[in-house]
Amino acid sequence: MTDNIDGCNLDFATRAIHQSQGADPSTGALITPIFQTSTFVLEELGKNKGYQYARTHNPTRTALEDCLASLENAKYGVACASGLAAVSVVAGILKAGDHVIVGEDVYGGVYRLFERVFSRYDIKFTYVNTRNVDQVEAAITPQTRLVWLETPTNPLLRLADLKAVGDLAKAHNLIYVVDNTFATPYFQRPLEFGANVIVHSTTKYLSGHSDIIGGAVITSDEELYEQIKFVQNATGAVPGPFDCYLALRGIKTLALRMREHERNAIAVSEFLESHAQVESVYYPGLASHPQHDLAKRQMTGFGGMVSFVVKGGLEGARALVNNTKLFQLAESLGGVKSLLCHPSSMTHAPIPRDVQEHCGITQGLIRLSVGIESANDLIADLDQALALSTKASTLQNFVKKETVLAGVK
Ligand code: PLP
């Protein structure tokens, strides 16, 4: 249980810095130490100081877990070796014959884990458009145990109505899991809308500096917590203390960073929306986003992820991603440095092409993780790369036209 410090009701930014991070009682160290040890000496047989073996617990990890739980207004946190390790320990509570309803445009690695690992254990997955709660309801069968969704989704920034799905899950007694990686607890707290479990890739905004791989599961349900903790201890995918320390260090500036990510993302998305080479822009903070009102209802900010479709398909996208100078072409997101990626061939490559097309992951789609550099510099970078993309698409159109004309002759 993570009570606020000394029973005080502290704001998010204060808890990010202080929650479960008091001075170390043995030395007075201001910052939570890295307890780089695999085991803990017993005081006597059957008596320890709360720690016995570091796969099960480690004090640096405990500080991270309790701080994360507090930020989601939850009781329990389980820090994991990666976001996918967090997904695995939650899926690990299922049994053969269970059925899971999953958002159709979840992160490709989650799709791969469900389809190529857990489906081997006779667990069935149905992928639905979670923007439409009726589709979620229609997929429920007597075997359904769990609903799994991301909102906003990766990479199309689509939203699910957190409360509508929460009400449905409650009515059908389903475990409701939300991957809150994109929004972070600073902008969205799904437990308040009925979710039972939150999953995070702490690799992203929570740690915030693109220097660790980590994950977390958060819940207020004691029974689920015990099951998840059991699976984690039994399977062993735990984070090392140094990575926990880096995550805690990053979390201290989460509130500050998220405000900057959002400020830059708004500026970048407005610039893209006005650019002739851009076909469409997906950002929940834009008035043109079809679920902008829902975003305002369930989020307190819109985040730092922006996706857009560039004209000229693959060639238009290639010319753009190969020519940005500040936006680095790389997988991952949520760090202070801006990144861009081509989801179809990178993050979402594990999803078959026809399924990608069905979900809207086209060849011209580009995903930006807008960092906290100067917005003017980021926009100038995109502007020069879009000019090169425009040239590439014009050339491609010319070649296509010539080919058609040659065919006519
Ligand atoms: N969930 C989302 C939304 C992600 O974007 C990712 C990775 O990109 C993951 C989970 C998996 O996290 P990790 O790469 O830390 O295993």
Side-chain angles (χ1 to χ4, degrees), residues 64 68 72 77-92 100 102-118 127 130 148-160 162 177-185 187-188 190 195 197-218 232 235-240 243-244 246-247 250-251 261 282 284 299 303-307 328-335 339-351 356 359 361 365-370:
L64 171 63
L68 282 172
E72 289 283 8
V78 179
C80 301
S82 67
L84 281 178
V87 178
S88 299
V89 292
V90 176
V100 181
V102 189
E104 66 183 2
D105 56 347
V106 289
Y107 167 59
V110 173
Y111 176 89
R112 177 179 56 200
L113 179 65
F114 288 165
E115 283 305 296
R116 299 190 50 192
V117 181
F118 282 97
Y127 298 86
T130 48
W148 188 291
L149 59 84
E150 290 174 17
T151 180
T153 60
N154 177 9
L156 292 161
L157 285 311
R158 291 171 176 163
L159 307 189
L162 282 170
V177 186
V178 176
D179 184 330
N180 203 25
T181 299
F182 268 36
T184 83
F187 284 140
Q188 175 174 277
V197 178
I198 308 289
V199 164
H200 277 288
S201 167
T202 56
T203 311
K204 313 293 173 1
Y205 288 107
L206 289 171
S207 65
H209 295 73
S210 306
D211 51 9
I212 65 155
I213 295 288
V217 183
I218 292 153
Q232 185 190 41
T235 55
V238 297
D243 283 353
C244 293
L246 283 174
I251 286 168
H261 281 298
Y282 308 118
M299 304 174 79
M305 299 301 297
V306 177
S307 292
Q328 306 289 312
L329 181 58
E331 309 243 351
S332 203
L333 59 110
L339 300 178
L340 88 174
C341 86
H342 181 247
S344 173
S345 63
M346 295 171 68
T347 49
H348 289 65
I351 301 178
Q356 285 188 9
C359 301
I361 302 172
L365 182 74
I366 289 164
R367 187 190 79 181
L368 302 180
S369 170
V370 182

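In listed order, ligands and their atoms are each counted from 1. If you read the sequence from its start, that first residue is 1, and numbering goes on from there.
Ring centers of Y111 and Y127: under 6.0 Å apart, within the cut-off.
At distances below 3.5 Å, at least one donor-acceptor pair connects side-chain atoms of S207 with backbone N or O atoms of T202. The backbone N or O of G214 lies less than 3.5 Å from a partner atom in the side chain of T203, making a donor-acceptor pair. Using modelled atom types, one side-chain atom of N180 and one backbone atom of Q188 make a donor-acceptor pair closer than 3.5 Å.
For ligand 1, the atoms lying closer than 4.0 Å to a non-hydrogen atom of L84 are 11 (C), 12 (O), 13 (P), 16 (O). Here is the list of ligand 1 atoms found below 4.0 Å of a heavy atom in D179: 1 (N), 2 (C), 3 (C), 10 (C). Remark: ligand 1 atoms within the under-4.0 Å shell around heavy atoms of E150 are 3 (C). Of all the atoms in ligand 1, the ones that sit under 4.0 Å from a non-hydrogen atom of N154 are 5 (O).
When hydrogens are left out, the protein atom nearest atom 9 (C) of ligand 1 is Y107 CD2, 3.4 Å; that is the closest non-hydrogen contact. The nearest protein atom to atom 14 (O) of ligand 1, hydrogens excluded, is given as K204 NZ, 3.7 Å; this is a heavy-atom distance. Of the protein's non-hydrogen atoms, G83 N, 3.4 Å is the one closest to atom 13 (P) of ligand 1. If you check which protein heavy atom lies closest to atom 15 (O) of ligand 1, you get T203 OG1, 2.7 Å.
The closest approach between a heavy atom of G214 and any atom of ligand 1 is below 4.0 Å. Within the 4.0 Å heavy-atom cutoff, E331 does not count among the residues contacting ligand 1.
The shortest distance between side-chain heavy atoms of S344 and L365 does not fall below 4.5 Å. Residues T181 and E150 have side chains not in contact (no heavy-atom distance under 4.5 Å, counting atoms from C-beta outward). At a threshold of 4.5 Å between non-hydrogen side-chain atoms, the residues F114 and V102 count as touching.
When S201, G334, S332 are checked for heavy-atom proximity to atom 12 (O) of ligand 1, S201 turns out nearest.
Screening V178, T130, V199, V197 against W148 for a side chain to side chain contact (heavy atoms under 4.5 Å, CB included) leaves a single residue, V199.
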